[in-house]
4 protein chains.
Amino acid sequence: MPRPVDPQRYRARRLVIIDAGLTAFAEHGYAGATTAVICRAAGIGSGTFFHYFPTKDALLVAILEHGTGETREFFEQSADAPDPRRVIFDYVEHAVSGLRDPRAAGFISVVGGLTHRPEIARALRADDEAARFGLRSNVRAAQRDRSVRTDMDAERLAEWILLLLDGFAGRVAASDDFVAERETRTLNEQVASLLGN
Amino acid sequence: MPRPVDPQRYRARRLVIIDAGLTAFAEHGYAGATTAVICRAAGIGSGTFFHYFPTKDALLVAILEHGTGETREFFEQSADAPDPRRVIFDYVEHAVSGLRDPRAAGFISVVGGLTHRPEIARALRADDEAARFGLRSNVRAAQRDRSVRTDMDAERLAEWILLLLDGFAGRVAASDDFVAERETRTLNEQVASLLGN
Amino acid sequence: MPRPVDPQRYRARRLVIIDAGLTAFAEHGYAGATTAVICRAAGIGSGTFFHYFPTKDALLVAILEHGTGETREFFEQSADAPDPRRVIFDYVEHAVSGLRDPRAAGFISVVGGLTHRPEIARALRADDEAARFGLRSNVRAAQRDRSVRTDMDAERLAEWILLLLDGFAGRVAASDDFVAERETRTLNEQVASLLGN
Amino acid sequence: MPRPVDPQRYRARRLVIIDAGLTAFAEHGYAGATTAVICRAAGIGSGTFFHYFPTKDALLVAILEHGTGETREFFEQSADAPDPRRVIFDYVEHAVSGLRDPRAAGFISVVGGLTHRPEIARALRADDEAARFGLRSNVRAAQRDRSVRTDMDAERLAEWILLLLDGFAGRVAASDDFVAERETRTLNEQVASLLGN
DNA sequence: AATGAATGAGGATTCATTCAT
DNA sequence: AATGAATGAATCCTCATTCAT
């Protein structure tokens, strides 16, 4: 009598590992986060790890995809928002609030140095693309209704917003004095100055 | 009869290794740049490598310190410049021009993920500190002569300039469409908007 | 309420696994035939596998014993045959016809390299012994009625017949050009030359 | 001052490892001969092993190629021999004498079960081919001068000689009672009966 | 100083086997 | 009986580093 596969349980466990991975990568870097460390953090045996993820890289990719999914969701939910300029700022807000998880910034800088692992590079590009796509659409819409400057094309403005967000995350990771909360206002100003009005 | 050390030759060879290291780290990431790879690139044997650097990390630190030195030099040479606001923009220019070396951006993102190796973290902090110190001094001076806004303190402004520079480097590394040359003007605008006037 | 064990069903399933094992071992070698591969081929879960066989080795042993059983059966059925020389040639025929199953030769060479697993070695020896015993008896009988040379003792002649059969199987496995069908005649000649008359 | 590479030393050490590998494979089978076991037998560290052979398979291949080389050499040295039939029997002698090394037969049966590792399969085919080629040439020559039957083509006769040799080796490995020395005469008889005259 | 052979600690991954359901 | 998730021992292999020459 086959035990019915319990996808609930499966996904829960998977999330536990993803979470442990996020912690471990952020805390110890990619090399330092050995599968042993991750397994210990997740409370599982090494065999179990590879039951859920075929490789260590795959775990990292899963973490990234998690983020990519959230980004896509965010923009899908804002698809019909009346004020695209507003959506852009909401996304900025959203991105910064992601940094409230103290592991996020660390993870981002770790993963940025892994462009040489092809799988990870792919996931990284997908992540970037998702954010760029969402931003670009909204920038374009905002340009149409003249709430954003039109002398720079939407793609470049999107890149620049990401530049600010990535730089912001980098600073959070690099400097103890740079506290997300306190700097959000300046970030908004920078984005505003970028988008013009 | 010990051959007298020829410091000329010594330093030259050291530079060759540093250069090979920069290439290798940028091209293959930290893990992918094995000492074997670096040695091959430098045209030396592995034994020789460890004559010049006690560890692989030490090479990375040396590369970083090279950059830190340049930063310090830059600000020292501008110490008595009459227009500190100008110096800030010159530094931005200087930093961007560093990205003309196609390895630079790659190296930066690689090294950003290595905060967990203590030696490297130290060097990274020193590098950051050098730039921040130089910028802060000039921001402060510029604030004194009212060419920079005074409603944000110098330290934070310095951090924000670095945020823009790091974000910029990150974009250069991440996106083929983001070409340093073409984006410099926008960068200057953003810095200007940051500093007010 | 324990479902009454259905021995019919049990044996059938066991045979399915044995068959899958034969296929897998022949196709992928001992190491390549992981229990997962075998289970997939047999259409069962891994847990089920270990209901039927306590270890992977035990499956291999069962396959071997299957063959050993057939060998014993063959010689039992020929026990009272009037012409023992004939029985020997029939056995050769029988052995060659076993090679019609394209998995047989592959399996034989795989299993030959596993003398170091004690269980398997035991089964292998038993298999060898069964064939040797059957052959030896018939050789001896044939010697008695002078239809086989008497200047070599029965044991050695039996070994030499096995030598020819094993070599034959090995060639079938090793060389695509060596087709059992076409070579049977030569095999019979060699056996004849061995036994004299 | 580069220590001059000492190819003497290199080859010697390589041979030590090859020898240890032969012992280990023959004694423990492929799986049982872990790299650790081989290294211990060779008196080297695991790192050293992989300095000489990129993989465990490569060591096995090297052992095989060693044999292949000997085979080729044998036939090259006999290239201009006046009596090709004699050469064939000399080769049989040569092959049997190789079995005096008690590890040889064990190694052969182990390696026969590894056809699924592509590198090994390739080496195995090359080995087979070398022997077949040498035999075939001599069979053909012998057929020309009528010292070997002509009703079977040279290729098939070569295969049959190998069949006898492989079967012989298999018996030596399988049965303690089957001693190479004592059985050589019968082997020669079988080959003679095969070749006719 | 320069070399590269030698080392072995450490890491990712595999897989037979167990066991709760 | 049947399942497959969970396990961890065991394996191959990598690579920074040492050291005799």
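From a predicted model like this one, the values you see are computed outputs, not experimental measurements.
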Where the side chain of [X] is defined as all heavy atoms beyond and including C-beta, which of [options] is the nearest nucleotide?
X: C:Thr55; options: F:dC13, F:dT17, E:dT17; value: E:dT17
X: B:Lys56; options: E:dA12, F:dC12, F:dT17; value: F:dT17
X: A:Arg9; options: F:dA5, F:dT14, E:dT7; value: F:dA5

Nearest 0.5 Å, please: how far is [atom2] in [Y] from [atom1] in [X]?
X: D:Leu114; Y: D:Ile120; atom1: CG; atom2: CD1; value: 5.0 Å
X: B:Ile38; Y: B:Ser46; atom1: CD1; atom2: OG; value: 11.5 Å
X: D:His66; Y: D:Asp127; atom1: NE2; atom2: CG; value: 12.5 Å
X: A:Ile63; Y: A:Phe107; atom1: CD1; atom2: CZ; value: 4.5 Å
X: A:Glu27; Y: B:His116; atom1: CD; atom2: NE2; value: 8.0 Å

Do any of residues 38-46 of chain C sit with a heavy atom less than 4.0 Å from DNA chain F, and if so which?
->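 Close to the strand are C:Gly45, C:Ser46.
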With DNA chain E as reference, determine whether A:Thr35 or C:Gly32 sits nearer its 5' end, using the nearest nucleotide of each.
-> A:Thr35
Are any of the side-chain nitrogens in D:Asp19 or D:Arg14 under 4.0 Å away from the carboxylate oxygens of its partner?
->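 The answer is no: the pair does not qualify as a salt bridge.
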Check A:Leu59 against A:Gly21 and note the closest heavy-atom contact, atom names and distance.
-> CD2-CA, 3.9 Å
Could you list the residues that satisfy ring pair (Phe, Tyr, Trp, His ring centres under 6.0 Å) with D:Phe25, not counting sequence neighbours?
->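 D:Phe25 satisfies ring pair (Phe, Tyr, Trp, His ring centres under 6.0 Å) with D:Tyr30 only.
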Atom pair distance, as rounded to whole Å: [atom1] in [X] and [atom2] in [N]:
X: B:Phe53; N: F:dC15; atom1: CZ; atom2: C1'; result: 19 Å
X: A:Phe49; N: E:dT13; atom1: CZ; atom2: C1'; result: 10 Å
X: A:Phe50; N: E:dA16; atom1: CZ; atom2: C1'; result: 17 Å

Report yes if at least one side-chain N or O of [X] is closer than 4.0 Å to OP1 or OP2 of [N]; otherwise report no.
X: A:Tyr52; N: F:dA6; answer: yes
X: A:Thr48; N: F:dT7; answer: yes
X: B:Arg13; N: E:dA1; answer: no

Looking for any heavy atom pair under 4.0 Å, which part of the strands does D:Thr34 touch: base, sugar-phosphate only, or nothing?
->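 Sugar-phosphate, no base atom in range.
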Pairing pattern in dot-bracket form [Watson-Crick, G-U; both distances under 3.5 Å; | = partner strand] for DNA chain F | .||||||||||||||||||||
Say whether, by atom type as modelled, one donor and one acceptor occur between the side chain of A:Thr115 and the main chain of A:Gly112 under 3.5 angstrom.
->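 Confirmed, A:Thr115 side chain pairs with A:Gly112 backbone.
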Tell whether C:His51 reaches the base of F:dA2 with its side chain through a donor-acceptor pair below 3.5 angstrom.
-> yes
